[in-house]
There are 2 protein chains.
Amino acid sequence: MKSEKISEAVVRRLPVYLRFLNDLQKREILTVSSQELGQKLDLNPAQIRKDLAYFGDFGRKGIGYDVSYLIEKIRHILKLDQQINVALVGAGNLGHALSNYNAYLKDTMKITAVFDSYPPKIGQKINSLVVQPMEELERTIREQGIRIGIITVPDHEAQNVADILVASGIEAILNFAPVILKTPSDIRVHGADFTTDLQSLAYYLRDGKEEAADEQPQNLN
Amino acid sequence: MKSEKISEAVVRRLPVYLRFLNDLQKREILTVSSQELGQKLDLNPAQIRKDLAYFGDFGRKGIGYDVSYLIEKIRHILKLDQQINVALVGAGNLGHALSNYNAYLKDTMKITAVFDSYPPKIGQKINSLVVQPMEELERTIREQGIRIGIITVPDHEAQNVADILVASGIEAILNFAPVILKTPSDIRVHGADFTTDLQSLAYYLRDGKEEAADEQPQNLN
DNA sequence: TAGATTGTTAATCGATTAACAATC
DNA sequence: TAGATTGTTAATCGATTAACAATC
């Protein structure tokens, strides 16, 4: 175990490990090696060992990692061994879809409040949660000890919502709006805009499907 | 301009540049410097200049970048100057939400077909698209020249759907299911699983909210 | 001309991978 | 014991940033 600072790349892999370990556990597999893990997850085994070793000596030489033990450890590292309440701001289609994942997040994280600024939405029910007006956001966040906010409002409202969330004492934001949010440096923001994903995917499409491009052929790439 | 291979990090920033440039254009701003860009997007100006220089000499020394010209160039690089048809597989809540973004993707990418394997869904309308059965996937993909597939089915169906998409001639996949897909190396896959995002966010929450942890205080991190 | 800003090279920083002693 | 596999150090690889000549 070291006490260097952990890079974001490492932290982002932990949930991937966890997911697969949960799978193994369901299949009643007791032990797994970094090699098997690497093969299934498309990662270098050395990288996996190194990632885990940042946090402790979780494996046994010659044997591998105990599945249950490693699950427990990663859950603790990710703070998924405590209940984390989440607020969803934006009760549109996407918000609706995300709130359904409560079942999936079950034990650990839970969307416990939904907000929207559009009056006709207020009071509507989304999976047993009642949509609340923005005016109640701060109070609800403090009362329920909500620590993470998910933003699924239109672009032009996103920054404003972020400001309100921050002012209400939220610690981290998952932002689905296609904008770069400005927030204090101690607030963690992850972008989850799928249009950006789609557009970068397009780059990797095969060339040459355009009809009659008026350039010299293949001078780029 | 060089002809090195372009890293994924660079490609992922291009849509971010594009988004902001579109903004500037709407506000009728004609020119922008790497410095302004960097400030707004939270990136190093040198990095932005370098990113763009991979693809050509788009700027003018002493002046900056012409907004319209740069938009045109990035759109071309990302192949967003041709129409790209997209298939959505999985007509659940999330699929529903994504299909709404057609308006947003407008000019360039378009979800032109929706599939589901659950009989009661077949024939239902989702934003003017009729949900088709999986059996029609291959034919529709070929007929419509669909090149990208979005997977929004439950975890355990995702790999199967990916296999079918690949067999149907798709070139790239955006996968919302929380699994690592196995695909041929010439198929580009981007993961867009928001549960992973949320879990890694939890890592960055402030410590010490757990009541009475039975460990030595702050020996980690 | 003076000031601004690019494109690019060189320096730095950080992340991934290989290799291997320790050990189950 | 022999084989397997970890944790970790060293080597490699790649990405970011600084610096600056070229030039608008």
Side-chain angles (χ1 to χ4, degrees), chain A residues 1-14 16-17 20-21 24 29-74 77 180 200 203 220, chain B residues 1-14 16-17 20-21 24 29-74 77 180 200 203 220:
Chain A
M1 160 157 41
K2 334 237 202 87
S3 52
E4 307 171 36
K5 44 242 123 316
I6 311 298
S7 82
E8 177 171 343
V10 174
V11 175
R12 284 192 169 274
R13 281 191 293 267
L14 295 179
V16 178
Y17 300 155
F20 185 67
L21 288 164
L24 291 178
I29 291 163
L30 299 179
T31 270
V32 67
S33 70
S34 61
Q35 190 166 127
E36 291 165 68
L37 234 23
Q39 192 171 46
K40 299 295 186 170
L41 301 178
D42 253 330
L43 295 170
N44 183 297
Q47 182 171 66
I48 294 175
R49 293 200 298 278
K50 203 165 199 277
D51 284 354
L52 297 173
Y54 281 117
F55 302 98
D57 290 359
F58 299 151
R60 289 215 293 158
K61 295 193 172 77
I63 309 285
Y65 298 90
D66 181 273
V67 172
S68 312
Y69 182 68
L70 193 51
I71 286 175
E72 194 186 307
K73 285 303 182 182
I74 295 181
I77 295 163
I180 305 294
S200 67
Y203 174 82
L220 253 185
Chain B
M1 160 154 45
K2 334 240 198 84
S3 52
E4 306 171 36
K5 43 243 122 316
I6 310 298
S7 83
E8 179 171 341
V10 174
V11 174
R12 283 191 170 276
R13 281 191 293 268
L14 294 179
V16 178
Y17 300 155
F20 185 67
L21 289 163
L24 292 178
I29 292 164
L30 299 179
T31 271
V32 68
S33 70
S34 61
Q35 191 167 124
E36 290 165 68
L37 235 21
Q39 192 170 44
K40 299 295 186 170
L41 302 178
D42 252 328
L43 295 169
N44 183 298
Q47 182 171 67
I48 295 175
R49 294 199 299 278
K50 201 165 200 276
D51 284 354
L52 297 173
Y54 282 117
F55 301 98
D57 291 359
F58 300 150
R60 290 215 292 158
K61 296 194 172 78
I63 309 286
Y65 298 90
D66 180 275
V67 172
S68 312
Y69 181 69
L70 192 51
I71 287 176
E72 193 187 308
K73 286 304 183 181
I74 295 182
I77 294 163
I180 306 293
S200 66
Y203 174 83
L220 252 184

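At C:dA4, none of the side-chain N or O atoms of B:Y65 fall inside 4.0 Å of OP1 or OP2 (strictly under the cut-off). Side-chain N/O atoms of B:R13 include one lying less than 4.0 angstrom from OP1 or OP2 on D:dT16. Not one side-chain nitrogen or oxygen of A:S34 sits closer than 4.0 Å to the OP1 or OP2 atom of D:dT5.
Map B:S7 and A:K61 each onto its nearest nucleotide of DNA chain D; the residue landing nearer the 5' end is A:K61. Of the two residues near DNA chain C, B:E36 and B:A46, the one whose nearest nucleotide lies more 5' is B:E36. Each of A:R49 and B:V32 has a nearest nucleotide on DNA chain C; the 5'-most of these lies closest to B:V32.
One atom, CD of A:Q35, and another, P of C:dA18, lie 12 Å apart when rounded to the nearest Å. For the pair B:F55 CZ and C:dT8 P, the interatomic distance rounds to 14 Å; values are reported in whole Å. Between B:Y54 atom OH and D:dG14 atom P there is a gap of 12 Å when expressed in whole angstrom units. Atom-to-atom, CD of A:Q47 to C1' of C:dA15 comes out at 8 Å; the value is rounded to the nearest Å. A straight line from CG of B:D42 to C1' of D:dT16 spans 15 Å, rounded to a whole angstrom. Atoms CD (B:E8) and C1' (C:dT16) sit 15 Å apart, rounded to a whole Å. Following rounding to the nearest Å, A:R12 (CZ) and C:dT16 (C1') show an atom-to-atom distance of 18 Å. Atom CG in B:N44 sits about 14 Å away from atom C1' in C:dT5, given to the nearest Å.
Partner assigned to D:dT6 is C:dA21, using Watson-Crick or G-U wobble distances below 3.5 angstrom.
Side-chain atoms of A:Y17 and A:D51, non-hydrogen and from C-beta on, do get closer than 4.5 Å to each other.
When each of D:dG7, D:dT16, C:dG7 is scored by its nearest atom to the side-chain atoms of B:K50, the top-ranked nucleotide is D:dT16. Looking at the side chain of B:R60, the nearest of the listed nucleotides C:dT8, D:dA15, D:dC24 is D:dC24.
Using modelled atom types, no side-chain atom of A:Q39 and backbone atom of A:E36 make a donor-acceptor pair closer than 3.5 Å.
Taking B:L30 as the reference, nothing meets the side-chain contact (heavy atoms from CB on, under 4.5 Å) condition, with sequence neighbours excluded.
Note that CG of A:N44 and NZ of A:K50 are 11.5 Å apart. Values are rounded to the nearest 0.5 Å.
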Audit row: A:R12, A:E8, salt bridge (charged side-chain N to carboxylate O under 4.0 Å, His left out) steps and yes/no: CA-CA 6 Å; A:R12 284 192 169 274; A:E8 177 171 343; 2.9 Å; yes

